[in-house]
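If you're wondering where the values come from, they're calculated on a predicted model, not measured in any experiment.
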Amino acid sequence: QRQLVESGGGLVQPGGSLRLSCAASGFTLDYYAIGWFRQVPGKEREAVSCISSSGGSTNYADSVKGRFTISRDNAKNTVYLQMNSLKPEDSAVYSCAARYHYCSRSPSEYIYWGQGTQVTVSS
């Protein structure tokens with residue numbers, strides 16, 4: 001079974017940091033771009049960041065630029081999202097997803113999804 005598993009979510013105060021991990025099980029991430037998405041009840045899923053299969057290209061939503069950093073370690077079959085200077089509006093369920101090679105902002109173009117991890121930013 002090919003699976004993606006997110007970890008690292010939790011409760012953090014405004015201004016704090018979290019590092020999310022996206023680990024592949026049952027397949028290698030070498031040929032996949034990995035995107036991070038977030039969603040809150042009543043709103044559409046939002047593209048947060050993405051990294052190409054080679055790691056040579058990355059992108060970020062305007063709302064997180066300068067605060068979040070995406071990276072990958074193919075030897076560990078894992079992609080990371082470092083989140084700094086967190087704000088209450090960053091609270092959401094964060095999911096990672098995979099598609100072949102190159103990034104897309106459209107969730108429908110991703111073929112594998114993790115179950116999501118909750119991030120709550122609150123004082």
Side-chain angles (χ1 to χ4, degrees):
Q1 286 268 42
R2 295 186 172 190
Q3 297 183 81
L4 296 175
V5 180
E6 303 95 338
S7 62
L11 176 65
V12 65
Q13 293 187 351
S17 297
L18 287 172
R19 188 178 75 160
L20 305 184
S21 297
C22 175
S25 177
F27 70 108
T28 178
L29 290 180
D30 289 1
Y31 305 125
Y32 294 90
I34 299 296
W36 284 96
F37 298 83
R38 65 188 183 188
Q39 190 169 29
V40 298
K43 297 182 66 176
E44 291 188 346
R45 195 182 304 273
E46 176 188 14
V48 176
S49 185
C50 185
I51 186 166
S52 64
S53 60
S54 70
S57 296
T58 61
N59 62 59
Y60 300 90
D62 288 343
S63 59
V64 307
K65 283 181 180 176
R67 299 188 296 121
F68 291 11
T69 303
I70 192 168
S71 62
R72 68 188 300 148
D73 186 342
N74 283 358
K76 297 181 179 179
N77 223 20
T78 301
V79 171
Y80 305 97
L81 185 67
Q82 179 68 46
M83 306 187 296
N84 298 327
S85 302
L86 284 163
K87 305 174 180 179
E89 52 263 45
D90 294 318
S91 297
V93 174
Y94 284 72
S95 300
C96 63
R99 72 184 302 273
Y100 289 118
H101 294 297
Y102 304 110
C103 290
S104 172
R105 296 189 183 276
S106 299
S108 63
E109 296 189 6
Y110 288 79
I111 58 176
Y112 301 119
W113 288 83
Q115 82 291 341
T117 185
Q118 177 70 52
V119 172
T120 302
V121 185
S122 177
S123 60

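- A distance of 10.5 Å separates CG of Leu4 from OG1 of Thr78, quoted to the nearest 0.5 Å.
- Counting only residues at least two apart or on different chains, the ring pair (Phe, Tyr, Trp, His ring centres under 6.0 Å) pairs with a member in residues 49-106 are Tyr32-Tyr100.
- Proximity of a side-chain donor or acceptor of Arg67 to a complementary backbone N or O of Ser85 within less than 3.5 Å is detected.
- Note on Ile51: it clusters hydrophobically with Tyr112, by side-chain heavy-atom contacts below 4.5 Å among ILVMFWY residues.
- Residues Val79 and Ile111 share a hydrophobic cluster, clusters being chains of Ile/Leu/Val/Met/Phe/Trp/Tyr side chains in contact below 4.5 Å.
- Between Val119 and Gly9, the shortest heavy-atom contact is CG2-CA, 4.2 Å.
- The side chain to side chain donor-acceptor pair (under 3.5 Å) test applied to Ser104 returns Glu109, not counting sequence neighbours.
- For the residue pair Ser95 and Arg45, the shortest heavy atom distance occurs at OG-NH1, 4.0 Å.
- No side-chain heavy atom of Val64 sits less than 4.5 Å from a side-chain heavy atom of Met83.
- The closest donor-acceptor contact from the side chain of Arg105 to the backbone of Ala61 lies at 3.5 Å or more, if one exists at all.
- The main-chain N or O of Val5 is never found under 3.5 Å from a side-chain atom of Gln115 such that the two would form a donor-acceptor pair.
- Formation of a donor-acceptor pair under 3.5 Å by the Thr58 side chain with backbone atoms of Cys50 is not found in this model.
- Listed here is the closest heavy atom pair of Asn74 and Arg72: OD1-NE, 2.8 Å.
- Side-chain heavy-atom separations under 4.5 angstrom define the hydrophobic clusters, and the remaining members of the one that includes Tyr110 are Phe37, Trp113.
- Residues meeting the side chain to side chain donor-acceptor pair (under 3.5 Å) test with Asn77, sequence neighbours left out: none.
- When every heavy atom of Gln118 is checked against every heavy atom of Ala92, the shortest pair comes out as NE2-O, 3.4 Å.
- Between the side chain of Ser52 and the backbone N or O of Ser57 there is at least one donor-acceptor pair closer than 3.5 Å.
- Heavy atoms of other residues, nucleotides or ligands lying less than 6.0 angstrom from CD of Glu44 number 12 at most.
- The distance from the OG atom of Ser71 to the CD1 atom of Ile34 is 12.0 Å, given to the nearest 0.5 Å.
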Just list the side-chain donor-acceptor pairs under 3.5 Å for residues 17-29, sequence neighbours left out, or say none.
| residue | atom | partner | partner atom | Å |
| --- | --- | --- | --- | --- |
| Ser17 | OG | Asn84 | OD1 | 2.9 |
| Thr28 | OG1 | Asp30 | N | 3.3 |
| Thr28 | OG1 | Asp30 | OD1 | 3.1 |

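- Partners of Lys65 according to the side chain to side chain donor-acceptor pair (under 3.5 Å) rule, which considers only residues two or more places apart in sequence or in another chain, are Asp62.
- Across Pro14 and Ser123, no two heavy atoms sit closer than the pair CD-N, 3.7 Å.
- Ser63 has its side chain within reach of Arg38: a pair of non-hydrogen atoms, C-beta onward, lies under 4.5 Å apart.
- Contact between Val93 and Gly116 at its shortest, heavy atoms only, is CG1-CA, 3.9 Å.
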